[in-house]
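Please find one structure pasted underneath; my questions will follow.
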Amino acid sequence: MDPSGYEHLSPAEAIAYQEELRHKISIHELTKPINTIAGADISFDRNSDILYAGIVVFKYPEMTVIATSTAISHTEFPYISGLLAFREVPALFNAWNNLYTKPDVLVLDGQGIAHERRMGIATHFGLLTNVPTIGSAKSRLYGKYQEPADKIFAESPMYDKGELIGIALRSKENCNPIYISPGHNINMQQSVDVIKKCIRGYRIPEPTRQAHFLVNKIRVENSEKNNRQYNLFD
DNA sequence: GCGACAG
DNA sequence: ATCTTGTCGC
């Protein structure tokens, strides 16, 4: 299904689609060397249904920016916990298609398989594009875990009925942990190793941190542009 | 019935 | 996610 059709799905249909897609998830070692990595994020206006998507590509492991892309899209699908992909993936897909240089790995702001149906936004986007993806979330959605020690890079496994679905990682001392889980076409260990190499003094790994700055910037620019046009009628 | 609940 | 200043702690 083309993601542009997501906004017409009911929550029940979206869940049924996740159950259908979950059979195609592949969590395995990424053997291809990683030379580039990207971060993707979304920003949106308080009222409108406009989503601002952005992707920032870096050389890895140097982490120098080599490319960016953005897309401004409209959505009707509301935010529903567990169904985030149906709201944000269409916009991210547009930004992805605007990217000339596709990265070897993509980090998304949200869960990978650390999801009730293993279908977090990172897994969903990976299945859609077939790019290896990693989910890096700022808060927990699913799974039980013990608080990791307050020591840089301390880890604590996240489980669902005995199954390992993610890792709570202390990316910075005195800060809440971040929740890492593979999305698609990469395994748990590699996901954590890669994210660790993307931590540069802040709680949020550089890929999604920079993508966050980018989408906020284009959101402000766009709203200022709209304000200027509106003011022509003053 | 009650609590949890990515962005 | 977004709205927002000061303020507590390392």
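All chains are named by letter (A, B, ...) in the order of the sequence lines, taking the proteins before the strands, and each is independently numbered beginning at 1. What's counted below: heavy atoms across the whole structure, side chains too, no hydrogens, waters or symmetry copies. Just so it is clear, the structure is predicted and the values come from calculations on it, not from any experiment.
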Is A:Ile165 reachable from A:Leu84 through a run of I, L, V, M, F, W or Y residues, each pair having side-chain heavy atoms under 4.5 Å apart?
->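 The answer is no; the residues belong to distinct hydrophobic clusters.
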
Is there a donor-acceptor contact under 3.5 Å from the side chain of A:Gln18 to the main chain of A:Gly82?
->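 Answer holds: yes.
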
Return the nearest nucleotide to the side chain of A:Arg46; candidates are B:dA6, C:dC3, C:dA1.
->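 In terms of side-chain proximity for A:Arg46, the closest of B:dA6, C:dC3, C:dA1 is C:dC3.
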
Return no unless some side-chain N or O of A:Ser43 is found under 4.0 Å from OP1 or OP2 of C:dT2.
-> yes

Spell out, as yes or no, whether a donor-acceptor pair under 3.5 Å connects the side chain of A:Gln190 to the backbone of A:Leu30.
->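 Side chain of A:Gln190 to backbone of A:Leu30, a donor-acceptor pair under 3.5 Å: yes, one is there.
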
Positions of residues 105-135 of chain A (non-hydrogen atom under 4.0 Å from DNA chain B), listed by number |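 The answer is A:Asp109, A:Gly110, A:Gln111, A:His115, A:Gly120, A:Ile121.
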
How many Å lie between CD1 on A:Ile204 and P on B:dA6, as a whole number?
->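 About 15 Å, once rounded to whole Å.
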
Would A:Tyr79 pass as stacked on B:dG7, i.e. its ring centre under 5.5 Å from the base's six-membered ring centre and planes under 30° apart?
-> yes

Please give, in whole Å, the distance from C:dA1 C1' to A:Phe77 CZ?
->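 Distance check: A:Phe77 CZ to C:dA1 C1' gives 16 Å.
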
Row check, A:Tyr202 ring normal vs A:Arg209 NZ/CZ: under 6.0 Å, within 45° = yes

Quick one: A:Asp45 CG to C:dT2 C1', roughly how many Å, whole number?
-> 10 Å

Atom-to-atom span, CG of A:Leu141 to P of B:dG3 - whole angstrom | 19 Å

Identify which nucleotide among B:dA4, B:dA6, C:dC3 has an atom closest to any side-chain atom of A:Arg219, counting heavy atoms from C-beta outward.
-> C:dC3

Nearest whole angstrom, please: distance from the P of B:dA6 to the CD1 of A:Ile80.
-> 12 Å

Heavy atoms under 4.0 Å, any strand shown: does A:Asn47 hit a base, just sugar-phosphate, or nothing?
-> nothing

Between atom NE2 in A:His212 and atom C1' in C:dA1, what is the gap in whole Å?
-> 9 Å

For A:Ile50 and C:dA1, give me the distance from atom CD1 to atom P, rounded to whole Å.
->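 Rounding to the nearest Å, CD1 of A:Ile50 and P of C:dA1 are 19 Å apart.
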
Heavy-atom closest pair (A:Ala71 atom, A:Asn98 atom, distance to 0.1 Å) is CB-ND2, 3.9 Å

Kindly work out whether a path of hydrophobic side-chain contacts (I/L/V/M/F/W/Y, heavy atoms less than 4.5 Å apart) joins A:Tyr145 to A:Ile180.
->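 No, A:Tyr145 and A:Ile180 fall in different hydrophobic clusters.
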
Do any side-chain nitrogens or oxygens of A:Asn216 fall under 4.0 Å of OP1 or OP2 in C:dA1?
->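 Looking at the OP1 and OP2 atoms of C:dA1, neither is under 4.0 Å from any side-chain N or O of A:Asn216.
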
Report yes if a side-chain nitrogen or oxygen of A:Ser139 is closer than 4.0 Å to either non-bridging phosphate oxygen (OP1 or OP2) of B:dG7; otherwise report no.
->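 It does, given that an N or O in the side chain of A:Ser139 lies less than 4.0 Å from OP1 or OP2 of B:dG7.
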
Do any N or O atoms from the side chain of A:His184 and from the backbone of A:Ser26 form a donor-acceptor pair under 3.5 angstrom?
->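 Here the side-chain-to-backbone pair exists.
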
Side-chain (A:Ser156) to main-chain (A:Gln146) donor-acceptor, under 3.5 angstrom | yes

Would you say A:Arg140 reaches B:dA6's phosphate, i.e. side-chain N/O to OP1/OP2 under 4.0 Å?
-> no

Fit a plane to each ring of A:Tyr6 and A:Phe86, take the angle between them on a 0 to 90° scale, and name the class: parallel (under 30°), tilted (30 to 60°) or perpendicular (over 60°).
-> tilted

Take nucleotides 4-10 of chain C nucleotide by nucleotide from the 5' end and write B, S or -, depending on whether a protein heavy atom sits under 4.0 Å from the base, only from the sugar-phosphate, or from neither.
-> ------S

Interatomic distance where NZ belongs to A:Lys138 and C1' belongs to B:dA6 [whole Å] | 8 Å

Look at the side chain of A:Arg203 and the backbone N and O of A:Asn176, then say whether any donor-acceptor pair between them is shorter than 3.5 Å.
->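 Yes, A:Arg203 side chain to A:Asn176 backbone: donor-acceptor pair under 3.5 Å.
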
